[in-house]
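Inspection log for the structure reproduced underneath, given as structure tokens.
Remember, it's a predicted structure, so these values are computed and weren't measured experimentally. Numbering of ligands and ligand atoms starts at 1, following listing order.
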Amino acid sequence: MSSENEKKAMSRRDLFGTTAKLATLAGAATLGGGVGTLVGAGRSEAATPSHKAPEVAPGQLDDYYGFWSGGQTGELRIIGIPSMRELTRIPVFNRCGATGWGRTNESLKILTEGLLPESREYLKKQGMLTFDNGDTHHARPSYTNGTYDGRYLFVNDKTNARVARVRLDIMRVDKVVQIPHALGVHGLRLQRYPRTGYVFCNSEFRVPIPNDGKILDNYHDYRCVFTAVDGDTMKVAWQVMVDGNLDNTDCDYHGKYAAATCYNSPEGVTLEQMTDKERDWAVVFNLKAIEAAVKAGKATMIDGVPVLDGRKKAKHNYTRYIPVPTSPHGCNATPDGKYFVANGKLSPTVTIVEWAKLDDLFAGKIKEDDCIVGQLEVGLGPLHTTFDGRGNAYTTLFLDSQICKWNIEDAIRAYKGDKSVKPIRQKLDVQYQPGHNNATMAETKDADGKWLVSLNKFSKDRFINVGPMKPNNDQLIDISGDEMVLVKDESAFQEPHDATIVPRKLINPIDIYKRDDPMFADAVAQAKKDKVDLLNDNKVIRDGRKVRVYMTSQAPKFGLSDFKVKHGDEVTVYVTNIDDVVNLTHGFNLTGHGISMEISPQATASVTFRADRIGVYYYYCHQFCHALHMEMQGRMLVEA
Ligand code: RUQ
Ligand code: CUA
């Protein structure tokens, strides 16, 4: 940034620092590009790492798994904490050349079977089987009794309204469901108690239901739905129609309530309309009342899904709308199980709501406002809050480029009028413009308060210049002591929206596939029909114009050094990796055919294509598996 720009940014930040209260929606909305895209306040001395980065020496292992959403890449990433090393990636909604995800039969089955019929039809017309992009925001591991159980991880695709489930034993997706009546599935959180259970998803954009062209420009008839997916079956359990646009969501530790922040309560479609109000709300959902209504058949079945009307004017006991300052964003449940926090975004405040008060609210004994037990001014642009399990909260301030540490009970005392307490403990500069932050185990009852990551959207001057699109900056902060201490910068490709951090003892992936893994059950079943023993046989089976090629891989050899097919045949190649050795993955790439896939130890992977090119084509192993890896190849002969 030039010094001239820097001065401008500085003075703008000073301005907002002193007029925090005025920097609510009116100012922010009209300033548009000004406030919304303001980049940091230049380099800050105080923010230079004052501690040495935590030492995870070569050969040493990390203490935690960090599950990073890959944002617009549509994938997930696993980051070791505290080293911040990227350990691996999990392809989810993207196409991945290293694994064949989105091209193999196994992955295509998962990516297509949960699609809505209208999407399938649309995709077919485009010559596609599935969407090949996604926008992953919120990755959350499954719970039992308020803490992570290591079974699954769920993540949303905002763009195409999907939710994927990842098996944590093999770190691969096994189910994908597309959410009906929703465009832009954004907020996602999991039921904590008694277990997951429900996957709660917010549809962000209001749409006509059904979206069939009958309602087009009349945006007052658009609706937003809150969806509960059954995490075991990956089918939609129910939906509740609400007022406003849903943003983020979270739920309690007792299995009774969920909450979601809403913006755009005026239900407009332009920026001016959307922000033309003093207050929006956090909508709270009464899970027992919703379940009872669905069971009693009170829901309208739309496209096979029970939909309840939770709008204010319907006056049902499914929802209540708790007023909060306009345009709230993050929604975060405290690990003590008592509260959730709505983060102000355009308001410099966080609003604290007590879950227990919702009993009285739904019973009609108290009003919505009575559920609010605190409202603390934390700074400009509060987006998300995380916790240390010692009573402190950490809120990202997007505009101030800071993390604000504050004490929850003190904030509640101050709200009650106790002027002697100072809830804010510390503000730490981060570089720059943080979105989510998350601390180790912060979203479980076992929050341990060791590390916090701040996922910053801008890195500006923190790394050598790589062109106009800069990396993001994920910063590691030590929160184990009284003061937050910045210890590490780590660059990241666009855009890790969010992360959860789990002690390594809770996650136990396998090294080698078991032969009865459901991932390749279809291949096993087909082989059985063809009387092929996948671990021993190498065979080409012709079935009319369909050809099934079965081969093994064992370093440094494929079971077949060539196979012959006819021009126009539909060919399926099944490769079974019979190496029973940790880390010995093979690949199968077919030259000139756009085919590349992994076959991990003891797995079978398959791919289907039409042999539309006459001639000689090599297939080769793409993983450097052996000194003779280059020789691990064979020929496909396609005759006219
Ligand atoms: S929410 S913009 Cu995680 Cu900040 Cu997606
Ligand atoms: Cu197998 Cu290289």
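Counting atoms of ligand 1 from 1 in the listed order, those under 4.0 Å from a heavy atom of His137 are 2 (S), 5 (Cu). Atoms of ligand 1 found under 4.0 Å from any heavy atom of His138 (numbered from 1 in listed order, with element): 1 (S), 3 (Cu), 5 (Cu). Residue-ligand proximity, Asn248 to ligand 1, at heavy-atom distances under 4.0 Å covers atoms 1 (S), 3 (Cu).
For Leu383, no heavy-atom contact with ligand 1 is shorter than 4.0 Å. Counting heavy atoms under 4.0 Å from ligand 1, residue Lys158 does not touch it at all.
Distance check for Cys625 against atom 1 (Cu) of ligand 2: an N/O/S atom falls below 2.8 Å. Atom 1 (Cu) of ligand 2 lies at 2.8 Å or more from every N, O or S atom belonging to His626. Look at Cys621 and atom 1 (Cu) of ligand 2: an N/O/S atom of the residue is under 2.8 Å from the metal. For a distance bound of 2.8 Å, the N, O or S atoms of Met632 include one lying that close to atom 1 (Cu) of ligand 2. Taking 2.8 Å as the criterion, His497 does not count as a coordinating residue of atom 3 (Cu) of ligand 1, since none of its N, O or S atoms falls below it.
Checked against atom 3 (Cu) of ligand 1, the N, O or S atom of His436 at the shortest distance is NE2. The N, O or S atom of His586 with the smallest distance to atom 1 (Cu) of ligand 2 is ND1.
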Please test Arg548 against Tyr574 for side-chain contact (heavy atoms from CB on, under 4.5 Å), starting from the C-alpha separation and ending with a verdict. CA-CA 7 Å; Arg548 291 187 286 280; Tyr574 299 86; 3.7 Å; yes
Give the intermediate values and the outcome of salt bridge (Lys or Arg N to Asp or Glu O under 4.0 Å) for residues Asp135 and Lys158. CA-CA 5 Å; Asp135 183 9; Lys158 174 164 163 170; 5.6 Å; no
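Salt-bridge annotation for Arg172 and Glu106: absent, with no side-chain N of the basic residue lying under 4.0 Å from a carboxylate O of the acidic one.
Here the options are Asn248, Thr349, Thr385, the test is side chain to side chain donor-acceptor pair (under 3.5 Å), and the partner is Asn343; only Thr385 passes.
With atom 4 (Cu) of ligand 1 at the apex, His384 NE2 and His329 NE2 define an angle of roughly 90° (rounded to 10 degrees).
Here the side chains of Leu346 and Tyr263 are not in contact, with every heavy-atom distance at 4.5 Å or above. Side-chain contact check for Ser265 versus Arg279: every heavy-atom pair is 4.5 Å or farther apart.
For the pair Arg192 and Tyr253, the distance from NZ or CZ to the six-membered ring centre is under 6.0 Å and the angle to the ring normal is within 45 degrees.
With rounding to the nearest 0.5 angstrom, the CD atom of Glu490 is 12.0 Å from the CG atom of Asn472. The distance from atom OG1 of Thr334 to atom OH of Tyr339, rounded to the nearest 0.5 Å, is 7.0 Å.
When hydrogens are left out, the protein atom nearest atom 2 (S) of ligand 1 is His186 NE2, 3.4 Å; that is the closest non-hydrogen contact.
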